[in-house]
Structure formats: C-alpha cells, structure tokens
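Each ligand, and each atom within it, is numbered from 1 in the order the structure gives. Predicted, not measured: the structure shown is a model, and the values here were computed from it.
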Amino acid sequence: MAGAYDDRDGKIWMDGQLVEWRDANVHILTHAMHYASSVFEGERCYNGKIFKSVEHSERLIKSGKLLDMEIPYTIEEIEKAKYDVLKANGWDDAYVRVIAYRGAGEDMGVASNKNPVRMAVAAWEWGAYYGDAKMKGAKLDIAKWKRPSPETIPTAAKAAGLYMICTMSKHAAEAKGCSDALFMDYRGYVAEATGANIFFVKDGEVHTPDPDAILNGITRQTVIEMLEAKGIKVNVRRIMPEELEGFEQCWLTGTAAEVTPVGQIGDYTFEVGTLTREIAEDYEKLVRA
Ligand SMILES: Cc1ncc(COP(=O)(O)O)c(C=O)c1O
C-alpha cells in the first residue's frame, strides 16, 4: 500500500468507530487545524504487539493534560482502539498513530471549551525512518531554530505545536542532503533531532542530554535501561555544542527512528562503532521479544 496518505484502502478508528480510510476526515473549522490544539503518539507494532503500548497511551493522556485537554477515553479504550485498527487492516508489523484534538464546535476563537475533544487512530506499514542510514550513519544538519523553554510551551507534551519548527528544520536539512536536523535548546545546549533523541559515546561512556527541554522519549528511556543493564555508564547531563568534536560515536533513538547510527552532524563526524551497532541490534531483539 502506498501513495497519498488520504487515498488508501483500509480502516481508521475515529471517535469510537472504524471508518473507511478515505472517509476519515475532519471539518476545516476543526479547532486543532487553526490553533495546533492536538497531541499525538507514534508507536510501532512488531509481530502483533505494540512496543510499550500502555506507556504511549499514558503519555497521550498526559500530553492532553499538559494542554488542558482532557481526552475522553481511558487507557483501556485507547489500547483497544489501537489493536482494533491493526486487526481491521490485518497488520502485525505497522506504525500506529493516535491523535487527540479539539474538534469543530460552537467555539471558533482561541478558546475551545464548547468544542468536543476527538480522537483517531490510524496505522500503516512503515520501514526504516532514515532509509539506509541504519548501515552508514545518518547525516544531520544543525537546525537554526532552538527547542523552546518549558516556560514557553509544554515541552514534555507530544503536541503538534512543537513540530512547526521541526518541519521547517527537516526541510532545510533535506535541502542540504541531510536526513534530519539536530536542535540546540533555548539555552544553547544540545537537545534532540526533529523526531528523535540523541546519544553520544566517548571513552566507553555514554552521554545524552537532560530531558528538561526535550521529549523524554520512550525509546530513550528504554535504551538508557539497556545500557545500564550492560554496565555502561550513562551521563544524563547538559551537553555543549563544542563537545560534538570530542564524541566518537552517536546515535538517535525514537519509535520511528528505532536506534539509528549518526555519521555526521554539521562538520563533525562519528564512526558507526561497536557499541552503536550492539545497541541497535539489542533494541531490535527487545522490540520483537
Ligand atoms: C521531538 C521528538 N523527540 C523524541 C522522540 C522520541 O520519542 P519516542 O522514543 O517516545 O518515540 C520523538 C518521537 O516521538 C519526537 O518527536
């Protein structure tokens, strides 16, 4: 199945019902279209089991709360909706997208208390997020935009509004032949990529940014646990951009990215080393276990 995402065969779950893929539409006066009032999840199903499914549903509800948006479904209902979609489309291996958003209603200004909060779940077959970067190492640009302060926007939410600068940065990166862009945060520290967290290796230890102005990815947390179980020291700390020069290896983590080696960030280069390959393989085994 390929082609435009709105022109495919299959079923999508919307507000409690499975609807035909091409009928899964919203009105143009949907609040979220105008004011970015939506939160979402990206998940992967491996061999019929969504990796960390409940954690994703919990984060969705938490993201909603961070936007003062109460999602009118329980964890159990969200879990059922996801598996209903996978079953209806006959997929054991797929990417799952859950989105909750403020719909159309009596409010069309910034306030939206009179509008319903709606939810939809779609899934599709999706291979490697960065193409052949898994082997060679992805090339990253350095974004001109900065990840904002948690006092500017709820950075812990996986919310649509936070992705505006991600889309712009990824377009700029792709125009330079890069697969993605690395952001610094509002203070100038190394932050995250447009849809993935970042790790570095130096002298047998791992370094990754504090999750205080980035999305604390579920894959990130999993990989930290995997490294610690191997007895590898993980330094969760503020990382200055100048430090990029001294790091030997680098990889990205994310549900879509999984563990993707990085070969270059701007002018800095990294080797796709043993630890990077080991962690990528261990993660692959874990998600299919
Ligand atoms: C901005 C951003 N950072 C990090 C991640 C990684 O998060 P996770 O591992 O939970 O998919 C994502 C993907 O959801 C993301 O969009």
Within-cut-off N or O pair, Asn197 and ligand 1, under 3.5 Å: no

Ring centroid separation Tyr73 to Trp13 under 6.0 Å: yes

Parallel, tilted or perpendicular: ring planes of Phe200 versus Phe270, cut at 30 and 60 degrees: tilted

Close approach of Ala196 to ligand 1, heavy atoms, under 4.0 angstrom: yes

Test item: side-chain donor near acceptor, Glu205 and Asn235, under 3.5 Å: yes

Test item, Gln221 contacting ligand 1 (heavy atom, 4.0 angstrom): no

Heavy-atom nearest neighbour in the protein, as seen from atom 3 (N) of ligand 1, with distance rounded to 0.1 Å: Glu192 OE1, 2.7 Å

Step-by-step salt bridge (Lys or Arg N to Asp or Glu O under 4.0 Å) determination, Asp180 to Lys139: CA-CA 7 Å; Asp180 203 353; Lys139 190 175 163 194; over 6 Å; no

Nearest-neighbour protein heavy atom for atom 9 (O) of ligand 1, which is reported as residue plus atom name and distance: Thr219 OG1, 2.6 Å

Main-chain N/O of Arg187 paired with Asp185 side-chain donor or acceptor, under 3.5 Å: yes

Aromatic plane relationship, Trp124 with Trp126 - under 30° parallel, 30 to 60° tilted, over 60° perpendicular: perpendicular

Protein residue, atom and distance nearest to atom 7 (O) of ligand 1, heavy-atom basis: Gly217 CA, 3.4 Å

Contact partition for Thr194 relative to ligand 1, non-hydrogen atoms under 4.0 Å: backbone

Gly254 neighbourhood, listing ligand 1 atoms whose heavy-atom distance to it stays under 4.0 Å: 6 (C), 9 (O), 11 (O)

Geometric cation-pi criterion Arg8 and Tyr5, 6.0 Å radius, 45° cone: yes

Shortest protein contact, atom 11 (O) of ligand 1 (heavy atom only): Thr255 OG1, 2.7 Å

Nearest-contact summary for atom 16 (O) of ligand 1 - protein heavy atom, Å: Tyr163 OH, 2.4 Å

Tyr101 six-ring centre to Arg118 NZ/CZ under 6.0 Å and within 45° of normal: no

Parallel, tilted or perpendicular: rings of Phe247 and His207 (30°, 60°): tilted

Atom 8 (P) of ligand 1 [closest protein heavy-atom partner, distance rounded to 0.1 Å]: Ile218 N, 3.5 Å

Top protein contact for atom 12 (C) of ligand 1, by heavy-atom distance: Gly195 O, 3.3 Å

Residue and atom name of the nearest protein heavy atom (relative to atom 14 (O) of ligand 1), distance in Å to one decimal: Lys158 NZ, 2.7 Å

